[in-house]
There are 2 protein chains.
Amino acid sequence: MARKALIENDALIDRLSATFREVGYEGASLALLSEATGLKKASLYHRFPGGKEQMGLEVLQEAGRWLGNHVLKPLAGEGTPRERIAAMTSELDSFYQGGRQACLLNLLSSPIGEESPFKATIRQMFEAFVEALASVIAEAGCTPAVARDRAEHGVALIQGSLVLARGLGTTKPFRKTLDVLADELLADLEARA
Amino acid sequence: MARKALIENDALIDRLSATFREVGYEGASLALLSEATGLKKASLYHRFPGGKEQMGLEVLQEAGRWLGNHVLKPLAGEGTPRERIAAMTSELDSFYQGGRQACLLNLLSSPIGEESPFKATIRQMFEAFVEALASVIAEAGCTPAVARDRAEHGVALIQGSLVLARGLGTTKPFRKTLDVLADELLADLEARA
DNA sequence: GTCTATAGTAAGATAGAC
DNA sequence: GTCTATCTTACTATAGAC
C-alpha cells in the first residue's frame, strides 16, 4: 500500500460496530459513521465499496468471530458446565459493558417476514449460540430437547435483559441476569458434580 | 368537521404502530407511513403537526393504553396469581401474534445514555409492567424484593424471546416462553393455593 | 489511502388549492 | 380533511485531485 491507513482495520470495524449498536443501522448515517471513525465519507467508500450495507455485513462478521472466540470457545472448552457458563457470562459482561451496550443481533434484526442482507448471518449466529449453550447443558445431564429449550431460554434472557436495561436506564437487570444464569440453566442438573 | 376523515383515528394509529414495529422508527419514512395509512404526507402533517416525532409519541401512548387495559388490568384483577398471569400471557400472545410482531418498546428504544423524546415514556411503561407483575408475584407469597427480581426476569424473558424469535425466524421461542412463564414466576410459591 | 467537491436521490416538512 | 406541488435539508454515493 502506498499511503498509510489513518485507522487500523480492526479499530475501524470497532468504531462502526459501536455506532450501529448506539443508533441502529437505519440511524447510522454516513456522516455519523464518518465522524465516529475519523474518515471522510469517500474514504469509507474506498474501504467499503459496497457502502453502508457492506459495513453492516463486515461488522456482523466481526461480531461472529467475537462470538466464536469469546463465547463458543469457552462453552466448548475445559471445566465443568458451570465453570464454562461462568466463563461465558464474564465475557458477556465486559462486552456489553454490564448492559450499557446494546446487541447488534437485536439492532440489525429485520422484520420476521422481510428479506434483509443481514438476516441469514444473524440467524446463524443465534443458532450457533443456542446450540453451543444447549450442548453444555446437555452435558450436565439432561435430554437434548430439554437442553435446547433451556438454551433458548438463556439466550432470550440475555437479549431481553439488555432490552430492559436500555428501557429502564439501569444496568441492573442485565447484571442480575448474568448472576443467576448458570443456576437457572443448570437447575436440578449437576447431580453427579 | 367539514370533510370526513378517510381513516378513523384508531385505525390510523394502528397502521402507524404496525409500521414502526416492522421497520423501526428511523426506518419508517414518511413515504412508507403514507403508504401504510393511505394518507398523503400533507394529510399526515395535518393530523400530526409535530411530524414523525408526534406520530411516534402518540403510537407509544396508545401502546401505553393497551398495556393498561390488556396487561396491567388483568394482573390487578380477579383470580389467583396464576390465573392472572395466564390471562396476561394470553393477551400478549395475540398482541404479538405469537411472536411475529416486534415490540415498540424495543424498536423505539434509544441508546442508554442519549436523550430521546420517547425515553421517559418507554421507561414508565417498562416500570409499570414490572411493578404490576411484581405485585402479583408478591401476592403469591414472597418478599417484595424477590418479587421485583422475578418480575424483571419475566419482562426480560418476554422481550428476549421476541428478539430471539425474530432472529431465528420462528415463533417457537416466544410461545414456549409464554407457556412456562407462570411456572417460572411462581416457582416454589403458591404454598397456600 | 485520504481528501474536497459534487452529483443525484430521498428525506422531513410546508403552502395553498379544493 | 385531503390533495398536488414544492421547499430545504440530509442522505447515499461517485469523480477526481493529491
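Order of the sequence lines fixes the chain letters, A, B, ..., with proteins taken first and strands second; residue numbering starts at 1 for each chain.
- The nearest whole Å value for the distance from the CD atom in A:E8 to the P atom in C:dT2 is 10 Å.
- Listed by first and then second residue, the side chain to side chain donor-acceptor pair (under 3.5 Å) pairs that reach into residues 7-19 of chain A are A:N9-A:R47, sequence neighbours excluded.
- As rounded to whole Å, 6 Å separates atom P of D:dC3 from atom NZ of B:K40.
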Would you give me the side-chain donor-acceptor pairs under 3.5 Å for residues 59-66 of chain B, sequence neighbours excluded?
| residue | atom | partner | partner atom | Å |
| --- | --- | --- | --- | --- |
| B:E62 | OE1 | B:R65 | NE | 3.0 |
| B:E62 | OE1 | B:R65 | NH2 | 2.9 |
| B:W66 | NE1 | B:H70 | ND1 | 3.3 |

Pairs of donor and acceptor atoms involving the side chains of residues 173-181 of chain B, under 3.5 Å and at least two apart or interchain, shall be tabulated with distances.
| residue | atom | partner | partner atom | Å |
| --- | --- | --- | --- | --- |
| B:R175 | NH2 | B:D93 | OD2 | 3.2 |
| B:K176 | NZ | A:D149 | OD2 | 3.2 |
| B:T177 | OG1 | B:P173 | O | 3.0 |

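- A:R21 forms a cation-pi arrangement with A:F95, by the criterion of a distance under 6.0 Å to the ring centre and an angle within 45° of the ring axis.
- For A:H46 and C:dG1, the NE2 to P distance is 4 Å, given to the nearest whole Å.
- A distance of 12.5 Å separates OH in B:Y25 from CG in B:L104, rounded to the nearest 0.5 Å.
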With B for base contact, S for sugar-phosphate-only contact and - for none (protein heavy atoms under 4.0 Å), nucleotides 8-18 of chain D reads ---SBBBB--B
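- Going from atom SG of A:C142 over to atom CD of A:E139 covers 10.5 Å, rounded to the nearest 0.5 Å.
- Sorted by residue number, the list of members of residues 9-17 of chain B with any non-hydrogen atom under 4.0 Å from DNA chain C is empty.
- Contacts classified as ring pair (Phe, Tyr, Trp, His ring centres under 6.0 Å) and involving residues 28-65 of chain A (residues at least two apart or in different chains) are not found.
- The heavy-atom pair separating A:G77 from A:R84 by the smallest distance is O-CD, 3.4 Å.
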